[in-house]
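First up is the structure itself, then whatever we jot down about it.
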Amino acid sequence: NDGSHKIEKNALHIWPRGNFMLIALPNLDGSYTCTLFSPFEGEDSFNELNTPKKVTSFFNKVFKDFTPLIPNLVDQFFNNPTASLGIFKCYPWHIKGHCVLIGDSAHATVPFYGQGMNASFEDCRVLDELVGKYEEDFSLALKAFSKSRKPNGDGLQRNKYIMRKKILLLGSGELGKEVVIAFQRLGQYVIAVDSYENAPAMQVANDFEVINMLDGDALDGIVEKHKPDFIVPEVESIRTEHFFKYEKQGFNIVPSAKAANFTMNRKAIRDLAFKDLKIKTAKYKYATSYEELESAVSFCGMPCVVKPLMSSSGKGQSVIKNNDDVKKSWDYAMQGSRGDLMEVIVEEFIPFEYEITLLTLTQDSGKTLFCPPIGHRQERGDYQESWQPMLMDDDLLKEAESMARKVTSALGGSGIWGVEFFITKEGVCFSELSPRPHDTGMVTLAGTQNFSEFELHARAILGIPLVEIPLI
């Protein structure tokens with residue numbers, strides 16, 4: 001050994017391997033400080049690596065490019081101590097106006113993504129602001145600091161997001177691609193699934209599967225194969241009734257099996273809103289044939305709107321203005337329908353002043369948050385553009401928030417929901433709901449709020465608490 005660095009000296013070296021990883025930090029003398037992060041129990045755990053032969057075999061198999069760099073690997077493995085990674089929680093963080101805990105002394109966490117360091121710097125900033133706000137009255141400043149920072153400190157301790165989880169994403173379009181990116185920025189492992197190869201989300205995911213998601217056996221197969229921590233549906237054409245079985249088996253369905261099943265077609269969610277929750281909607285009727293469509297049009301009156309029960313981004317939607325449009329609307333709806341559900345909903349035409357999407361964030365903590373309302377414009381049923389914020393009357397916004405809270409609470413689970421409303425002269429009218437990022441919400445990628453809808457979705461799924469979603 002000539003004392004020189006054997007690998008790049010100006011870098012942190014990481015060998016990620018799913019449930020465990022190895023890191024190497026360079027020292028000035030040419031050596032490296034190496035740490036193996038691994039479970040205590042289970043296959044390839046510290047408890048299992050209990051003989052020189054097992055240790056040698058493990059490193060040759062898993063870290064074969066690392067092993068030649070350490071000639072006394074086995075001796076170092078057994079001579080160095082094994083320790084636990086710990087977290088720390090406490091409250092209160094202050095004693096009157098005399099002293100206060102900040103940083104790791106208040107909320108120490110594991111050292112993987114820099115949250116502990118960032119939170120500690122943020123503690124300093126917030127404390128400085130509060131001391132100024134209360135004009136150096138430390139009894140008030142320290143009390144306010146403890147109260148405001150405690151939820152953020154607790155958020156660091158949620159190990160469900162600090163360590164890598166396996167996400168099975170069902171649907172791999174453009175919105176799904178942004179979901180994958182948001183998860184990966186939090187260190188998560190994502191398997192993207194769709195019916196065709198090289199789908200957008202597959203291009204950035206850790207792994208992918210190509211199946212017909214309406215084939216229940218195929219869906220069962222990939223769930224059994226990957227055993228994901230979270231199953232995240234991103235499209236409508238999925239055999240969602242299987243989600244109830246997965247949930248009973250202990251899998252986490254996002255936001256819940258009930259929510260995913262209800263909202264994958266417009267019938268269940270519309271009946272829930274109107275019949276069960278008594279939320280104001282347009283007058284409506286369903287049709288499974290051209291003859292039933294004629295009857296539904298007669299019930300709703302003209303003009304009326306026809307939509308497939310299962311579709312996305314306005315596909316298959318049209319407006320019937322006269323009798324000549326009825327057959328055209330039926331054919332167009334069948335062409336735009338997703339999955340194997342050949343049924344439409346017919347709605348009375350609402351003379352709205354504008355439409356909004358209210359992105360609604362439900363969390364494990366039980367606190368529901370709302371993004372600033374998003375205005376959007378459609379042409380012939382197709383989404384054209386959106387903007388944030390949509391300027392609107394505060395009372396109307398509160399009415400929309402109340403409706404959104406009621407329906408998302410009834411469905412249950414954590415994640416982002418795209419809840420659409422018509423705003424009319426008479427008030428707010430519920431339109432539709434999606435239990436996932438919404439196409440109109442892509443405007444949040446422009447930095448309109450503190451987190452994009454995709455980042456909010458990922459954080460809610462992983463249990464990372466948020467206290468507000470301010471407009472920037």
Using modelled atom types only, decide if a donor and an acceptor are shared between the side chain of [X] and the backbone of [Y] within a distance under 3.5 Å.
X: S256; Y: G412; answer: yes
X: R239; Y: G216; answer: no
X: S434; Y: G418; answer: no
X: S146; Y: K143; answer: no
X: K150; Y: C90; answer: yes
X: S105; Y: L101; answer: no
X: S337; Y: A333; answer: no
X: S409; Y: K406; answer: no
X: K54; Y: T51; answer: no
X: E453; Y: H438; answer: yes

What's the shortest heavy-atom distance between [X] and [Y], and which atoms?
X: P233; Y: A260; answer: CG-CB, 4.1 Å
X: R405; Y: F370; answer: NH2-CE1, 3.2 Å
X: P228; Y: I231; answer: CG-CG1, 3.7 Å
X: Y32; Y: E8; answer: OH-O, 3.4 Å
X: P200; Y: E174; answer: CG-OE2, 3.6 Å
X: P437; Y: H457; answer: CD-CD2, 3.5 Å

Just verifying a value: how many Å separate [X] [atom1] and [Y] [atom2], rounded to the nearest 0.5 Å?
X: N261; Y: I238; atom1: CG; atom2: CD1; result: 10.5 Å
X: I14; Y: F37; atom1: CD1; atom2: CZ; result: 9.0 Å
X: M390; Y: L358; atom1: CE; atom2: CG; result: 13.0 Å
X: I356; Y: L359; atom1: CD1; atom2: CG; result: 10.0 Å
X: K147; Y: L130; atom1: NZ; atom2: CG; result: 12.0 Å
X: L25; Y: T35; atom1: CG; atom2: OG1; result: 6.5 Å

Compare all side-chain heavy atoms of [X] with those of [Y] and state whether any distance is below 4.5 angstrom.
X: Y189; Y: F183; answer: no
X: L73; Y: T56; answer: no
X: I70; Y: Q76; answer: yes
X: I191; Y: K166; answer: yes
X: I23; Y: L36; answer: no
X: L456; Y: I469; answer: yes
X: V407; Y: L272; answer: yes
X: E234; Y: V179; answer: yes

Item to check | Working for side-chain contact (heavy atoms from CB on, under 4.5 Å), residues E247 and K258 | outcome: CA-CA 10 Å; E247 208 165 61; K258 178 182 178 181; over 6 Å; no
Next on the checklist: Would K267 pass as a cation-pi partner of Y286, given that its NZ or CZ must be under 6.0 Å from the six-membered ring centre and within 45 degrees of the axis?
Outcome noted: yes
Checklist entry - For H376, which of T357, D439, T440 qualifies under side chain to side chain donor-acceptor pair (under 3.5 Å)? => result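 Testing H376 for a side chain to side chain donor-acceptor pair (under 3.5 Å) against T357, D439, T440 leaves exactly one candidate, T357.
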Item to check | Worked check of side-chain contact (heavy atoms from CB on, under 4.5 Å) between Q363 and L466 | outcome: CA-CA 8 Å; Q363 305 184 84; L466 282 95; 3.8 Å; yes
Can you tell me how the ring of [X] sits relative to the ring of [Y], calling it parallel under 30°, perpendicular over 60° and tilted otherwise?
X: W15; Y: F66; value: perpendicular
X: F46; Y: F40; value: tilted
X: F421; Y: F430; value: perpendicular

Item to check | E347: which of K307, R266, K283 passes salt bridge (charged side-chain N to carboxylate O under 4.0 Å, His left out) | outcome: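 Running salt bridge (charged side-chain N to carboxylate O under 4.0 Å, His left out) over K307, R266, K283 with E347 returns exactly one hit, K307.
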Answer with yes or no whether the side chains of [Y] and [X] bring together a donor and an acceptor at under 3.5 Å.
X: D123; Y: H107; value: yes
X: Y284; Y: D271; value: yes
X: D229; Y: Q188; value: no
X: Y246; Y: D220; value: yes
X: D364; Y: S414; value: yes

Enclosure of [X] [atom1] (heavy-atom neighbours >12, cutoff 6.0 Å):
X: F244; atom1: CZ; value: yes
X: F121; atom1: CZ; value: no
X: Q249; atom1: CD; value: yes
X: K398; atom1: NZ; value: no

Item to check | E122/R125 under salt bridge (Lys or Arg N to Asp or Glu O under 4.0 Å): CA gap, chis, key distance, verdict | outcome: CA-CA 5 Å; E122 192 171 58; R125 177 182 61 78; 3.5 Å; yes
Next on the checklist: If you apply the rule side-chain contact (heavy atoms from CB on, under 4.5 Å), what do you find for T448 with I472, and how did you get there?
Outcome noted: CA-CA 5 Å; T448 56; I472 295 177; over 6 Å; no
Item to check | SB check K225 E209 (cutoff 4.0 Å) | outcome: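 Yes.
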Next on the checklist: Set out, in order, the CA-CA distance, both residues' side-chain angles and the distance that settles side chain to side chain donor-acceptor pair (under 3.5 Å) for E455 and N450, then state yes or no.
Outcome noted: CA-CA 10 Å; E455 294 168 324; N450 57 345; over 6 Å; no
Checklist entry - Are E236 and R436 close enough, and set up right, to give a salt bridge (Lys or Arg N to Asp or Glu O under 4.0 Å), and what steps lead you there? => result CA-CA 11 Å; E236 296 84 1; R436 55 189 179 276; 2.6 Å; yes
Next on the checklist: Pair I222, V193 - check side-chain contact (heavy atoms from CB on, under 4.5 Å), show working.
Outcome noted: CA-CA 9 Å; I222 62 167; V193 184; 3.8 Å; yes
